[in-house]
Structures are given as C-alpha cells and as structure tokens.
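Residues: numbered from 1 along the sequence shown. Note that ligands are numbered from 1 as they come in the structure, with each ligand's atoms numbered from 1 the same way.
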Amino acid sequence: MERRNGVILALDVTSREEANRVAEAVRDHVDAIKINWPLILGAGPDIITEMARLRPVICDMKIADIPNTNRLIVEQTMARGAEAVICHGFAGADSVKACVDAAKGQVFVVTEMSHPGGQEFTAPVAEKLALLAKEVGARGIVAPATRPERVAELRGVIGDLEIISPGVGSQGGKASETLRAGATYVIVGRSIYQAEAPREAARVLSEEARVAL
Ligand code: BMP
C-alpha cells in the first residue's frame, strides 16, 4: 500500500451494502480499509476479498491466541486477500511471531490503546509491546491518536517501523497532530462513515493529513 493520503478507513459498518456504499464513495481519499469484527460478522468473511478489490485491506481481528491458532487465523485471513493483520502483543513473543511468519511480516501490533481504559493495562507496557513488534519483524504498531505524545514516545522505540493511529475525530484525536507526532497513517472510522457526506469527510481529512506529512 502506498501512502498518498495518510488515512486508513475503519469500516465498522455491519452490512455488505453499507460497506460497499462507503468504500466506493471514499476510496480515492483513503490508502487502505481496516476491517474489524463488526463487518466480518455482519457481512461474512468474503467481505475481505470484496473490499480488497477497492483498496488494500488491513484485518483488525486483534489476534491474541496461542501460536498455532494465531497462524490458522492469519492464514485464513491472508488467503481472502488481506494485505495485513492486527494482533495483540500481550500474548507473548511466540504468539506475535506466529502471526508475523504467517503474514510474511505484514503485521501491526497493538500497543497503548486509544480509549480511556487503554491507560489501565496497555499504557504501562506499551514500550515493551512496541519493542516486541520490532524484535519479531512486524511491519508496525498501533498507537493512540488520542495521546500524540505517546505516539512520539513509541516512535522513539520502533525507529522506522510504521505507526497506524486510531482515535481521530469521534475519540477526540486530531489527524495533523498525530501525524506530526510520528504516525505514518491515521485510522478514521465514525467521522467518515457516519458523516452525511462520507466522501467529503474523507477528502477533508486526507487534505489535513497531506499538509501535515
Ligand atoms: P473510530 O474512528 O470510529 O473511533 O474507529 C476507530 C477504529 O480503530 C475502530 O475500528 C477501533 O476498533 C480501532 N481501534 C481503536 O479505536 N483504538 C485502539 O487502540 C485500537 C484500535 O484498533
């Protein structure tokens, strides 16, 4: 995937029709589509293949199981056309490594989560999780746009790995600040797919992102 807009669409709608409506409308202004459980469960796993025809797909299953199960999940996901997957790091290095091997490196590891509860358990170990991502050869990490100072600190840990950053818009984060703090892409869901005019919302965000990059 090529960084032209700096924005990844979090497509958390729950039907195939709605997913196609939003994705078709905004595809020119986003670099990738992130798919999470709501859409996979609502539309079925073939939605991965369908969306991958429009933009590169990152599958956000937040995988966190034993290595063998992780491998099976990642194989099924990649076979449907995903470009990358997102896993949790707290299951340990062997579990993350299993994802990295099965996805040929195309893995983002969650570090500090963007919601208030992310400060309870994930924040204190975020640096460790980021280091783990680097050590096992992941493509990058997920870090919170709601706390750009943390994005900057985690950037210091991972060097030139990619940072994809959720929490812009509905959760209070700002795209330009997050990118200036060191994120590679911002991830945006509700502020785009719930907007009256999703295409225009995505265009404005990508404009803001491109200025900041
Ligand atoms: P929204 O822009 O509507 O808040 O969506 C954010 C997306 O990023 C959701 O798909 C959510 O699951 C995901 N996400 C997050 O918000 N915070 C994290 O720490 C990690 C995530 O994957």
Side-chain angles (χ1 to χ4, degrees), residues 5-14 18-19 22-23 26 29-43 47-48 51 55 57-64 73 77 82-91 96 99 106-127 129-130 133 138-151 153-155 162-179 181-196 198 201-202 204-206 208-209:
N5 300 292
V7 178
I8 295 170
L9 169 68
L11 193 50
D12 296 327
V13 297
T14 53
E18 189 63 1
V22 176
V26 311
H29 301 299
V30 302
D31 294 326
I33 299 173
K34 185 179 82 67
I35 298 180
N36 198 333
W37 287 111
L39 182 55
I40 295 172
L41 292 171
I47 196 72
I48 298 168
M51 290 298 108
R55 297 313 277 138
V57 164
I58 300 175
C59 265
D60 180 11
M61 284 119 161
K62 297 203 176 64
I63 307 159
I73 295 168
T77 307
E83 169 166 321
V85 295
I86 294 177
C87 75
H88 270 300
F90 62 72
V96 177
C99 294
Q106 296 298 312
V107 173
F108 294 93
V109 180
V110 177
T111 61
E112 178 173 324
M113 294 191 74
S114 60
H115 62 312
Q119 289 182 295
E120 290 174 38
F121 298 108
T122 62
V125 294
E127 271 79 1
L129 295 168
R139 173 170 165 181
I141 62 167
V142 183
T146 45
R147 296 176 214 106
E149 71 285 0
R150 293 295 287 143
V151 172
E153 283 163 9
L154 292 163
R155 166 59 72 203
E162 291 181 22
I163 298 180
I164 59 176
S165 206
V168 165
S170 301
Q171 295 182 51
K174 199 147 171 28
S176 52
E177 275 175 32
T178 310
L179 292 161
T184 319
Y185 298 91
V186 287
I187 297 171
V188 187
R190 284 165 288 179
S191 298
I192 294 177
Y193 68 75
Q194 287 181 349
E196 242 168 64
V204 169
L205 269 161
S206 72
E208 178 186 340

Contact (N/O only, under 3.5 Å) between [X] and ligand 1:
X	result
Tyr193	no
Ser170	no
Asp12	yes

Shortest protein contact, [atom] (heavy atom only):
atom	result
atom 12 (O) of ligand 1	Asn36 ND2, 3.2 Å
atom 7 (C) of ligand 1	Ala10 CB, 3.8 Å
atom 19 (O) of ligand 1	Ser114 N, 2.9 Å
atom 11 (C) of ligand 1	Lys34 NZ, 4.1 Å

Work out which heavy atom in Asp31 is nearest to a heavy atom in Gly6; give both atom names and the distance.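 Distance-wise, the nearest heavy atoms are OD2-N, 2.7 Å.
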How far apart are the closest heavy atoms of Met51 and Leu11, and which atoms are they?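 Heavy atoms only, the tightest pair is SD-CD2, 3.7 Å.
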What do we get for [X] next to ligand 1 when only non-hydrogen atoms under 4.0 Å count, side chain, backbone, both or neither?
X	result
Gln171	side chain
His115	neither
Val110	neither

Quick one: which of Ile187, Thr178, Ile8 gives a side chain to side chain contact (heavy atoms under 4.5 Å, CB included) with Ser165?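 Only one of Ile187, Thr178, Ile8 forms a side chain to side chain contact (heavy atoms under 4.5 Å, CB included) with Ser165, namely Thr178.
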Does the [X] side chain pair with the main chain of [Y], one donor and one acceptor, at a distance under 3.5 Å?
X	Y	value
Asp60	Ile86	no
Ser191	Ser170	yes
Arg155	Gly182	yes

Could you go through residues 139-149 and list every donor-acceptor pair under 3.5 Å that involves a side-chain atom there, pairing it with any protein atom two or more places apart or in another chain?
residue	atom	partner	partner atom	Å
Arg139	NE	Glu162	OE1	3.2
Arg139	NE	Glu162	OE2	3.4
Arg139	NH1	Glu83	OE2	2.9
Arg139	NH1	Gln106	OE1	2.5
Arg139	NH2	Glu162	OE1	3.3
Thr146	OG1	Ser114	O	2.8
Arg147	NH1	Glu112	OE2	2.7
Arg147	NH1	Met113	O	2.9
Arg147	NH2	Ser114	O	3.4
Arg147	NH2	His115	O	2.9

For atom 14 (N) of ligand 1, which candidate among Ser191, Ser165, Pro166, Pro38 provides the closest heavy atom?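 When every heavy atom of Ser191, Ser165, Pro166, Pro38 is considered, Pro166 comes closest to atom 14 (N) of ligand 1.
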Options Ala143, Ala145, Gly189, ranked by nearest heavy atom to atom 5 (O) of ligand 1, top entry: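 Looking at heavy atoms only, the winner is Gly189.
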Does ligand 1 have an atom that lies less than 4.0 angstrom from a heavy atom of Lys62?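 Within the 4.0 Å threshold, so yes.
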What are the atoms of ligand 1, with element, lying closer than 4.0 Å to any heavy atom of Arg190?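 Listed by number with element, the hits are 1 (P), 2 (O), 3 (O), 4 (O).
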Just verifying a value: how many Å separate Cys87 SG and Ile73 CD1, rounded to the nearest 0.5 Å?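 Answer for the SG-CD1 pair, Cys87 versus Ile73, is 10.5 Å.
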Mind checking side chain to side chain donor-acceptor pair (under 3.5 Å) for Thr77 and listing every partner two or more places apart, or none if nothing turns up?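 None.
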